[in-house]
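Report on the structure given below.
Naming convention: chains lettered A, B, ... in sequence-line order (proteins, then strands); numbering from 1 in each chain.
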Amino acid sequence: DAGVIQSPRHEVTEMGQEVTLRCKPISGHDYLFWYRQTMMRGLELLIYFNNNVPIDDSGMPEDRFSAKMPNASFSTLKIQPSEPRDSAVYFCASSPWTGRSSGANVLTFGAGSRLTVL
Amino acid sequence: EDQVTQSPEALRLQEGESSSLNCSYTVSGLRGLFWYRQDPGKGPEFLFTLYSAGEEKEKERLKATLTKKESFLHITAPKPEDSATYLCAVRYNDMRFGAGTRLTVKP
């Protein structure tokens with residue numbers, strides 16, 4: 001398996017523009033997570049999906065952020081309009097869930113998308 | 001509110017100087033405590049999962065332990081290649097991360 005695939009790896013845009021980040025999870029994983037990482041706030045959970053359904057989006061900063069998972073192999077995180085404070089590394093991660101004691105309940109992360117909003 | 005707190009924020013060691021990193025948590029219904037390693041410019045990489053107080057896991061120079069309120073990552077005789085940020089996370093249904101400990105091992 002190629003692992004979790006994110007695109008683009010780097011994005012530089014101007015304030016007010018729309019940004020779309022993409023993620024392909026590992027095949028067979030039931031859960032998909034979007035995180036944002038900054039020096040100041042560390043890794044913050046934005047939203048997660050179970051079987052393509054959004055379960056908890058309480059970490060989404062505001063209405064400018066939206067996430068979708070139209071099928072089991074694809075998810076997007078969209079920021080519209082973007083602002084300089086959205087500059088961060090955005091990670092997608094996926095996970096199976098096979099029970100409390102299973103070592104398989106591990107998140108596998110993608111390489112991240114580094115977003116710079118000027 | 002569920003909390004995951006890691007200490008210290010940064011740790012500088014000489015090669016061969018053993019030490020421990022701490023992760024304390026306040027999560028009800030814990031479904032696993034996880035340790036990850038993150039190198040600059042990369043995503044976090046899984047190291048260990050612990051589920052029950054008293055459980056221990058080992059991998060090369062690293063050993064993770066768990067109590068009811070905290071976990072320790074012990075590093076024995078570290079090498080420069082162990083330099084990285086070590087992240088602790090707790091899982092209920094979602095996964096919440098601590099701020100990490102940035103470890104530097106000098107030769």
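- Within a 6.0 Å radius of CG in D63(A), no more than 12 heavy atoms belonging to other residues, nucleotides or ligands are found.
- Here Q38(B) contributes atom CD and L43(A) contributes atom CG; the two are 6.0 Å apart, rounded to the nearest 0.5 Å.
- The nearest pair of heavy atoms linking L45(A) to M95(B) is CD2-O, 4.2 Å.
- Within a 6.0 Å radius of CZ in R61(B), more than 12 heavy atoms belonging to other residues, nucleotides or ligands are found.
- Within the 6.0 Å centre-distance limit, the rings of Y36(B) and F109(A) are counted as a close aromatic pair.
- When G98(B), P44(B), G100(B), G43(B) are compared by the number of non-hydrogen pairs under 4.5 Å with chain A, P44(B) comes out ahead.
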### Task
Output, in order, the C-alpha distance, side-chain angles, deciding distance and verdict of side chain to side chain contact (heavy atoms under 4.5 Å, CB included) for F46(B) and L107(A).
CA-CA 8 Å; F46(B) 171 73; L107(A) 268 62; over 6 Å; no
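- By the neighbour-count criterion of 12 heavy atoms within 6.0 Å, atom CZ of R114(A) is sparsely surrounded, having that number or fewer from other residues, nucleotides or ligands.
- With rounding to the nearest 0.5 Å, the separation of OG1 in T85(B) from CD in Q37(A) is 8.0 Å.
- Around atom CD of E18(A), more than 12 heavy atoms belonging to other residues, nucleotides or ligands sit under 6.0 Å away.
- The two residues G41(B) and R9(A) have their closest heavy-atom pair at O-NH2, 3.9 Å.
- The neighbour count for E62(A) CD, taken as heavy atoms of other residues, nucleotides or ligands under 6.0 Å away, is above 12.
- With hydrophobic clusters built from ILVMFWY side chains whose heavy atoms lie under 4.5 angstrom apart, Y35(A) does not share a cluster with L77(A).
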